[in-house]
Engineer: 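I'd like to ask some things about the structure below.
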4 protein chains.
Amino acid sequence: MDKRERLIEIATKLFSERGFENTPLSAVCETANVSKGLISHHFKSKNSLLREIFMKTTKLIVEINKTDKVNQTPQERLLELLESFFSQLEADKLFFQFNLNMMVHPKTREVLNDLIKERSSFILEATKSIFDKLDAKNSLIKSHIFIAELDGIALNYLGIYDDFPLKQIKEHIMKKYINNGN
Amino acid sequence: MDKRERLIEIATKLFSERGFENTPLSAVCETANVSKGLISHHFKSKNSLLREIFMKTTKLIVEINKTDKVNQTPQERLLELLESFFSQLEADKLFFQFNLNMMVHPKTREVLNDLIKERSSFILEATKSIFDKLDAKNSLIKSHIFIAELDGIALNYLGIYDDFPLKQIKEHIMKKYINNGN
Amino acid sequence: MDKRERLIEIATKLFSERGFENTPLSAVCETANVSKGLISHHFKSKNSLLREIFMKTTKLIVEINKTDKVNQTPQERLLELLESFFSQLEADKLFFQFNLNMMVHPKTREVLNDLIKERSSFILEATKSIFDKLDAKNSLIKSHIFIAELDGIALNYLGIYDDFPLKQIKEHIMKKYINNGN
Amino acid sequence: MDKRERLIEIATKLFSERGFENTPLSAVCETANVSKGLISHHFKSKNSLLREIFMKTTKLIVEINKTDKVNQTPQERLLELLESFFSQLEADKLFFQFNLNMMVHPKTREVLNDLIKERSSFILEATKSIFDKLDAKNSLIKSHIFIAELDGIALNYLGIYDDFPLKQIKEHIMKKYINNGN
DNA sequence: CATGAATGAGCTTTCATTCAT
DNA sequence: GATGAATGAAAGCTCATTCAT
C-alpha cells in the first residue's frame, strides 16, 4: 500500500468535498491514518500537494482524449465525447466538483494558474479539432460554446439544482449536436 | 457616510476577488479604515455578513427581472435578457465572480444553502416563463440549458480563458436564440 | 420605573446565575431593554456596578441583624437567626449564590476585597455577641464554626448535592444549637 | 521533562489562583515557557484541560480514601480524616481553592457538572460509610453536616477571614467528633 | 437622560510547517 | 520512511468602555 498514493487519493476526495482551504491537512492525515509529519515528508507544502493532484487529473483528461480515434468521424467523436461526459458526470461527481472548485476559487486559481491555462488550452484544442473537421467555419467560437455549455451543465447539476433533469438534458444536447453540430 | 453600507460594499468586493475564506475580516476592516470591532457590531458573524451580501445581490437579480415587461414579446424579453447578461458580464465582472464563487465553494454553499435554492428557483421560473410563451414544449429543459449555457460562458470567460472571444460568442448566442428559441 | 434600580436588580440576578465574568454588560442591557450607553452613564465601570450591588446586599444583612432584638434571649436570637437562614436559603437561592460566587472567585474577591472584609467582620461580631451571652468561653471559635457550618450548608445545598436533605438538616442543626449552643 | 504534565500543573496553579475564566491560556503558556500552539496540541480545548485537571484531583481524593483502613475503627478513621483535612488545608491551600472555585462558579460548574456529581457522590458515600459504623441513626444527615462543616471551614479560612483561627477550630472540631460523633 | 456607533485589547482556536528522533 | 511534539502567525469573535448626538 503506497502511502503517498493514498494521501493523494484522500486529499483529492476531501478537497473536492470540502474545498481546498476548508480542508486542513490534519483532516487528510486522520482520514489516511497517517501522521502529520508524513505528509510534509512527501509533499513540500499543501500547495504543492494541490498542484500534484491537479496535474494528475489533467493527465487523465489528456489520456481520454488521446486514445486513438483516428478512424472515427467527427460526428462519432462528438457523440462519444458527450456520452462520456454525461456518464462521468453522474458517476464521478467528485471529479467535476474538484475541477470546478479549483477553477473558480481565487486562491486555488492563483496556485494552479499555469496548470489551468495549460489544461484549458488542451481542451480547447481537442474540441476545436473536432469542430474543425465538422465545419471549419466559426469552429473556435463553436468550441468555446460547446465547452461552456458542458461546464454550465456540470455547474448547475452539481452545485445549484437538486432536481436538475440531467437525463433529458443529455438527450436534448445529444440531439442538438449530433444532427447539426450547432 | 454609512459605514455599515461601506463595509458591505468592500466585503463584496474582497470576497469576490479573493474568495470568502481567503478574505479575513481584518482585510475588510483595513480597507474600510475601520476597527475590527465595528464589523462585529454591525454583523453577527462573518457568515451572516456573507448571507446579507448574497441576499442583496438576489434582490438585485429579482428586481431586474421584475421591471415591467408586460408589453414585450417573449422574443424581445429574451433579447433584452441576453443583452443585459453580456453587457453586465463585461462591466461588472466582480458581480459574477462573487456569485460563481459562492455557488461552487462547499463552505459558502453550506452557509448559503437556503438562499441559493431560493434564488435559483426564481431564476429558473423567470426563464421558464419566457420559454413557455415561446414554445411550451420542453420549456423546462430549454430553460435549464439556457441558464447552464450562460453560467458556463461566465465561468469560462472569468475564470479560465484569458482570450475568451466574448463578443463573437455573444453574437453567436444571440443569433441562436433570437431566430429559433433553441 | 427607575432604570438605574432596574439595572442593579437585573445585574444582580444575572451575576448570580452566570457569574460576574461570564455575564457581559450587554446581557444586562438586553435583559433590561436598555442601551449599552446607559449602563456606563449610571455606573463608572462594571467593577463599580459590582461593588454597588455587593454594598446593597451588605446593607440588607446589617439591617436584618440590627432590628431590635434587645428583649430577646440569646437562645431566642440564635433560633431566629437559624430560622431566617434556612427559610431565606430556600426562598432566595440567588442571593446566596451571588454571595458565594463573589467570595470565592479570585477576580471578584479582588474587586470587593475591602467590602468583603467589612461585611464578614460585621457578621462575625454579630454572631459572637450572641455566643458571648450564651457562654463567653470560646465564643470566637464557636462563632467561626457556626458561620462556617451555615456557609458550608449553603454551599452544599446550592452547588453540589441535588438531593441535599435541607429540611432534616435544618432540624438537626436547630436541635444542636438550641439545646446546648454547641 | 514532560511538557504536557507541566502544562497541567501550571494550569492547575493558575486556575486556582486567578480563577478559570480569569486565566487566559496565554498566561499558562508564558508561565510554562511554551508556545500557544502547544496547549492546543495537547488539549482539545480550554474546557477539556479543565476537565482533565478536575478528574486528576478526583482521582487523588479517591485514592486517599481507598488506602486500606480495614483494621481501623470508625473513630480512628474519622480522626485520621480530620487530621489529614486540616493539615492539607494548611499545606495545600491551592488545592482547596481550586476545588471551591470550580464548584461555585456557574461557568465551571456547567463544564464539570457530571464530574462534580460523581465526585461528590463518592465523598458522601465514603463519609456515610464511616458514620454508619459509628451510629447508623441519621448517618446520612450527619455525613452531610460533617462535609458541610469542613467545606465551610475551608471557605472561611481561604476566602473570607484573614485571621481565621484554624488551629483552635481544628481542636474544637476534633474534640466534638472524637468524643461523640456528633 | 438615553442611544448606539466605534474602538481596541484580548481571548480561544486553527493550522501549515519545522524538526528531532 | 515515519512520528508527533512544537512553533508562531493569523483567524473570528467578545466585550468593556468612550463619545458624539
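Only this structure's heavy atoms are used, side chains among them; waters, hydrogens and symmetry mates stay out. Lettering of chains follows the sequences in order, A, B, ..., and the numbering in each one begins at 1.
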Engineer: Specify the separation, in whole Å, of atom CG of C:L38 and atom C1' of F:dA16.
Structural biologist: 15 Å
Engineer: Give the rounded distance in Å between these two atoms: CZ of C:F43 and P of F:dT18.
Structural biologist: 15 Å
Engineer: When you match C:V34 and A:F20 each to their closest nucleotide on DNA chain E, which lands nearer the 5' end?
Structural biologist: C:V34
Engineer: Sticking with atom P, work out how far E:dC1 lies from F:dT21, rounded to a whole angstrom.
Structural biologist: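 The same atom, P, in both gives a distance of 23 Å.
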Engineer: For B:E30 and E:dG8, give me the distance from atom CD to atom P, rounded to whole Å.
Structural biologist: 13 Å
Engineer: Is any side-chain heavy atom of A:N99 closer than 4.5 Å to a side-chain heavy atom of A:M102?
Structural biologist: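 When only atoms from C-beta onward are counted, A:M102 and A:N99 do not touch, as no gap falls below 4.5 Å.
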Engineer: Heavy atoms only, 4.0 Å cut-off, all strands: where does D:T23 land among base, sugar-phosphate and nothing?
Structural biologist: sugar-phosphate
Engineer: Is B:H42 near enough to E:dA6 that one of its side-chain N or O atoms lies under 4.0 angstrom from OP1 or OP2?
Structural biologist: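 Result: yes.
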Engineer: Tell me the interatomic distance from B:L50, atom CG, to F:dG12, atom P, rounded to whole angstroms.
Structural biologist: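 After rounding, the reported distance stands at 12 Å.
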Engineer: On DNA chain E, check which nucleotide each of B:N33 and A:N47 is closest to and give me the residue with the more 5' one.
Structural biologist: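 By nearest-heavy-atom nucleotide position, the 5'-most residue is B:N33.
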Engineer: If the plane angle is over 60° it's perpendicular, under 30° parallel, otherwise tilted; pick one for A:F54 and A:F98.
Structural biologist: tilted
Engineer: Pick the closest DNA chain F nucleotide for D:G37 and for C:P24 by heavy atoms, then say which residue is nearer the 5' end.
Structural biologist: D:G37
Engineer: Mind calculating the distance between CG (D:N22) and C1' (F:dT14) to the nearest angstrom?
Structural biologist: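 It is 15 Å, rounded to the nearest whole Å.
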Engineer: Should E:dC15 form a Watson-Crick or G-U wobble pair with both distances under 3.5 Å, which nucleotide is its partner?
Structural biologist: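 F:dG8 is the nucleotide pairing with E:dC15.
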Engineer: Given atom CD1 of A:I39 and atom P of F:dG4, what is their separation to the nearest angstrom?
Structural biologist: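 Roughly 14 Å, once rounded to whole Å.
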Engineer: Check the phosphate of E:dC11 against D:S26, side-chain N and O only, distance under 4.0 Å to OP1 or OP2. Yes or no?
Structural biologist: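 Yes, because at least one side-chain N or O of D:S26 sits under 4.0 Å from OP1 or OP2 of E:dC11.
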Engineer: I want to check something: taking the side chain as every heavy atom from C-beta on, are B:L112 and B:L50 in contact at a cut-off of under 4.5 Å?
Structural biologist: yes
Engineer: Within less than 4.0 Å of OP1 or OP2 of F:dG12, is there a side-chain N or O belonging to B:K46?
Structural biologist: yes
Engineer: Out of the candidates D:E9, D:E5, D:E63, only one should pair with D:K56 under the salt bridge (charged side-chain N to carboxylate O under 4.0 Å, His left out) rule; please name it.
Structural biologist: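 Testing D:K56 for a salt bridge (charged side-chain N to carboxylate O under 4.0 Å, His left out) against D:E9, D:E5, D:E63 leaves exactly one candidate, D:E5.
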Engineer: With a non-hydrogen cut-off below 4.0 angstrom, is C:L25 in contact with a base, only sugar-phosphate, or nothing?
Structural biologist: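 Touches sugar-phosphate only.
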Engineer: Output the rounded distance in Å from NZ (B:K3) to C1' (F:dT21).
Structural biologist: 15 Å
Engineer: How would you label the contact of B:K36 with the nucleic acid (heavy atoms, under 4.0 Å): base, sugar-phosphate, or nothing?
Structural biologist: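 Answer is base: heavy atoms of B:K36 come under 4.0 Å of a base.
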Engineer: Here's a test for you: under salt bridge (charged side-chain N to carboxylate O under 4.0 Å, His left out), which of A:K46, A:R4, A:K59 qualifies with A:E52?
Structural biologist: A:R4
Engineer: Measure from NZ on A:K44 to C1' on E:dT18 and round the result to the nearest Å.
Structural biologist: 14 Å
Engineer: Please determine whether a side-chain nitrogen or oxygen atom of A:H41 lies at a distance below 4.0 Å from atom OP1 or OP2 of F:dA2.
Structural biologist: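 For F:dA2, neither OP1 nor OP2 has a side-chain N or O of A:H41 closer than 4.0 Å.
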